Amino acid sequence: MDRQTRHWTLVCILCAASLAACGSATTTSPSRPVSACSLMSKVEAVAIFPTGNYDLQHYPPTNEQSYCVYPGSAAGVSLIANLTWSKSQKTTFEKVHSGSYAMTTGTLPSGQTIPIPHFTKITVDGNIAYWSAHQPLPITGTSTYPSLMSAEKNGYVLSLSATGLSETQNELVMTTMLRKL
């Protein structure tokens with residue numbers, strides 16, 4: 001497995017971990033699957049951070065979730081958006097924020113540990129979101145660590161994992177995407 005593949009694998013694992021680590025309760029269940037790439041066009045992304053001349057890496061909705069990868073044009077800049085409408089993921093969010101869900105670190109097949117993300121509750125465009133800056137992932141050969149941001153709207157949980165983006169840029173991405181849910 002090459003370095004970039006390992007990086008994306010770890011980031012996807014962390015995205016999944018962030019789904020289990022933050023969010024809010026909801027009583028709304030969406031009636032339709034939504035593609036994560038439909039929430040922010042490449043033109044909208046370019047207005048927030050440099051994406052270069054890359055196509056969005058779209059992963060069609062499966063297992064009640066969808067991913068979209070926005071590759072950056074500068075080294076160490078990227079964004080992965082994960083959208084889920086899974087009732088079990090939303091229930092996990094609720095348990096985490098009620099304090100009734102125990103968190104633990106994760107372990108990769110290599111034996112390296114993924115730390116528990118620590119989130120700060122913030123407001124993004126009138127929606128409650130959860131922000132965690134620069135999670136120290138065990139990615140060999142890099143000093144660029146991902147930040148995480150998650151929010152719930154209309155029965156969907158949206159999680160962002162970004163490298164090389166500021167909190168303000170993450171908030172702009174979250175705002176853009178939440179407005180389409």
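Given the structure is predicted, the values throughout are model-derived calculations rather than measurements. For the numbers below, each heavy atom of this structure counts, side chains included, while hydrogens, waters and symmetry mates do not.
Partner Thr175 forms a side-chain contact (heavy atoms from CB on, under 4.5 Å) with one of Val124, Asn170, Ile48 and no other, that one being Val124.
With rounding to the nearest 0.5 angstrom, the OH atom of Tyr67 is 13.0 Å from the SG atom of Cys37. Rounded to the nearest 0.5 Å, atoms CE (Met149) and CD (Glu171) are 5.0 Å apart. To the nearest 0.5 angstrom, Phe49 atom CZ is 5.5 Å from Leu165 atom CG. From Glu167, atom CD reaches atom OG of Ser147 across 8.5 Å, with rounding to the nearest 0.5 Å. Atoms OG and CG, from Ser161 and Leu79 in turn, are 8.0 Å apart once rounded to the nearest 0.5 Å.
In this structure the side chain of Thr91 reaches within 4.5 angstrom of the side chain of Lys87, judged on heavy atoms. Looking only at side-chain heavy atoms (C-beta outward), Ile122 and Tyr130 stay at 4.5 Å or farther from each other. Within the 4.5 Å cutoff, the side chain of Val77 has no heavy atoms near those of the Thr163 side chain. Leu160 has its side chain out of reach of Ile80: every pair of non-hydrogen atoms, C-beta onward, lies at least 4.5 Å apart. Two residues are said to be in side-chain contact when any heavy atoms from C-beta on lie closer than 4.5 Å; Gln65 and Leu83 fail this criterion. Within the 4.5 Å cutoff, the side chain of Met174 has no heavy atoms near those of the Asp125 side chain. Residues Pro71 and Ser78 have side chains not in contact (no heavy-atom distance under 4.5 Å, counting atoms from C-beta outward). In this structure, Gln89 and Val157 have side chains that are not in contact, with every pair of non-hydrogen atoms separated by 4.5 Å or more.
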query = Are Leu181 and Met177 close enough, and set up right, to give a side-chain contact (heavy atoms from CB on, under 4.5 Å), and what steps lead you there?
reply = CA-CA 7 Å; Leu181 284 178; Met177 292 182 167; over 6 Å; no
key: Derivation of the side-chain hydrogen bond (donor to acceptor under 3.5 Å, both in side chains) call for Ser88 and Ser86   = CA-CA 5 Å; Ser88 66; Ser86 162; 3.0 Å; yes
message = Please evaluate residues Ser73 and Thr51 with respect to the criterion side-chain hydrogen bond (donor to acceptor under 3.5 Å, both in side chains), reporting the C-alpha separation (whole Å), side-chain torsions for both, the decisive distance (0.1 Å), and the verdict.
response = CA-CA 5 Å; Ser73 62; Thr51 63; over 6 Å; no
request  = Please report the C-alpha distance between Leu39 and Thr176 in whole Å, then the side-chain angles of each, then the deciding distance to 0.1 Å, and finally whether the side-chain contact (heavy atoms from CB on, under 4.5 Å) criterion is met.
outcome  = CA-CA 7 Å; Leu39 301 179; Thr176 300; over 6 Å; no
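Thr123 places no side-chain N or O within donor-acceptor distance of the main-chain N or O of Ile128, the cut-off being under 3.5 Å. Under a 3.5 Å cut-off, the side chain of Thr84 and the backbone N or O of Glu64 do form a donor-acceptor pair. Distance alone, capped at 3.5 Å, is enough to place a donor-acceptor pair between the Tyr70 side chain and the Met40 backbone.
Taking all atoms of both residues into account, the shortest heavy-atom contact from Ser66 to Ser35 is OG-CA, 3.5 Å.
Side chains of Ser41 and Glu44: a donor on one and an acceptor on the other come within 3.5 Å.
Heavy-atom contacts from other residues, nucleotides or ligands closer than 6.0 Å to NZ of Lys121 number 12 or fewer.
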